[in-house]
Amino acid sequence: MANVFKNATHDGTTSLADLIPALDANHEAIVLMLRATNVDGTNDATVDVRVVKSGSDSYLAYEMSVPADTSLDVLGTSKLVLMATDKIQVKASATSDIEFFASYLEITD
């Protein structure tokens with residue numbers, strides 16, 4: 001079993017996009033941190049963050065407000081487990097206002 005620390009970034013757009021792409025078969029991951037930072041110095045923005053599992057989606061954040069010049073720790077102090085084929089998608093209310101960052105441990109059988 002191999003463990004590899006990884007991170008992922010995405011400049012938010014107004015369409016859902018993969019932050020952590022679908023995990024390969026026989027892979028799991030523990031998401032340690034998922035942050036959305038509003039880099040717009042004037043305007044607030046909202047974010048959507050969802051976990052996509054085979055056949056179902058579950059929102060971790062839906063139209064959650066991120067005030068100008070602040071960050072939102074979407075998971076707070078919690079961790080998130082992703083199973084094989086799971087992925088995380090993100091979306092912002094305004095293009096280029098939000099930067100997403102995730103840190104995770106990928107585990108391979």
Side-chain angles (χ1 to χ4, degrees):
M1 185 176 288
N3 298 329
V4 179
F5 285 100
K6 295 185 173 186
N7 60 52
T9 61
H10 188 293
D11 288 334
T13 63
T14 57
S15 299
L16 281 167
D18 291 351
L19 174 63
I20 297 177
L23 298 175
D24 294 332
N26 301 318
H27 287 217
E28 292 94 25
I30 300 169
V31 182
L32 306 169
M33 186 264 291
L34 198 163
R35 179 171 291 150
T37 300
N38 186 336
V39 295
D40 185 309
T42 306
N43 300 306
D44 295 353
T46 61
V47 297
D48 294 353
V49 178
R50 74 178 184 173
V51 176
V52 178
K53 302 177 83 48
S54 56
S56 67
D57 303 340
S58 182
Y59 279 90
L60 300 174
Y62 185 76
E63 295 185 4
M64 187 167 282
S65 181
V66 183
D69 290 336
T70 65
S71 294
L72 168 69
D73 286 322
V74 176
L75 300 178
T77 60
S78 300
K79 308 297 181 261
L80 175 69
V81 174
L82 298 177
M83 306 305 286
T85 72
D86 292 356
K87 64 182 177 179
I88 294 180
Q89 293 184 318
V90 295
K91 177 177 134 178
S93 60
T95 299
S96 299
D97 280 3
I98 299 288
E99 294 178 357
F100 293 95
F101 182 87
S103 177
Y104 60 104
L105 175 65
E106 188 169 286
I107 304 163
T108 309
D109 293 336

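Residues: numbered from 1 along the sequence shown.
The hydrophobic cluster containing M33 does not contain V74, counting ILVMFWY residues as joined when their side-chain heavy atoms lie under 4.5 angstrom apart, directly or transitively. Residues V31 and F5 fall into different hydrophobic clusters, defined by Ile, Leu, Val, Met, Phe, Trp and Tyr side chains chained together at heavy-atom separations under 4.5 Å. By the criterion of side-chain heavy atoms lying less than 4.5 angstrom apart, applied directly or through intervening Ile, Leu, Val, Met, Phe, Trp or Tyr residues, V90 is not grouped with V39; the two fall into different hydrophobic clusters.
Atom CG of L32 and atom CG of L80 lie 10.0 Å apart (nearest 0.5 Å). Taking OG from S56 and CZ from R50, the interatomic distance works out to 10.5 Å, rounded to the nearest 0.5 Å. The structure places CG of L16 at 12.5 Å from CD1 of I88, a figure rounded to the nearest 0.5 Å. Residue M83 holds its CE atom at 10.5 Å from CG of N26, rounded to the nearest 0.5 Å.
With contacts defined as side-chain heavy-atom distances shorter than 4.5 Å, the pair T85/V52 does not qualify. Between K91 and Q89, the closest side-chain pair of non-hydrogen atoms is not below 4.5 Å. Contact check for I20 versus L82: side-chain heavy atoms found under the 4.5 Å cut-off.
Counting all heavy atoms, side chain and backbone alike, N43 lies closest to N38 at O-ND2, 3.0 Å. Across all non-hydrogen atoms, the minimal contact from A25 to A84 is CA-CB, 4.0 Å. Smallest separation of non-hydrogen atoms from A68 and D44: N-OD1, 3.0 Å. Minimum interatomic distance between A17 and H10 (heavy atoms only, all atoms of both residues): CB-NE2, 3.2 Å. Of all the heavy atoms in S93 and T14, the pair that sits closest is O-CG2, 3.6 Å. Contact record, D73 with R35: OD1-NE, 2.7 Å, taken as the closest heavy-atom pair.
The side chain to side chain donor-acceptor pair (under 3.5 Å) search around D86 returns K53, not counting sequence neighbours. With sequence neighbours excluded, no residue forms a salt bridge (Lys or Arg N to Asp or Glu O under 4.0 Å) with D24.
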What's the verdict on side chain to side chain contact (heavy atoms under 4.5 Å, CB included) for T46 and V66, showing C-alpha distance, side-chain angles and the deciding distance?
CA-CA 6 Å; T46 61; V66 183; over 6 Å; no
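Side-chain atoms of T13 come within 3.5 Å of backbone N or O of S15 as a donor-acceptor pair.
Counting heavy-atom neighbours within 6.0 Å of Y62 OH, excluding the residue itself, gives a total of 12 or less.
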List the atom pairs, donor and acceptor, that lie under 3.5 Å between side-chain atoms in residues 97-106 and the rest of the protein, sequence neighbours left out.
from, atom 1, to, atom 2, distance (Å)
E106, OE2, K6, NZ, 3.3
E106, OE2, H27, ND1, 3.0

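Applying the side-chain contact (heavy atoms from CB on, under 4.5 Å) test between V49 and each of L19, L72, L75, L60 identifies L60 as the sole match.
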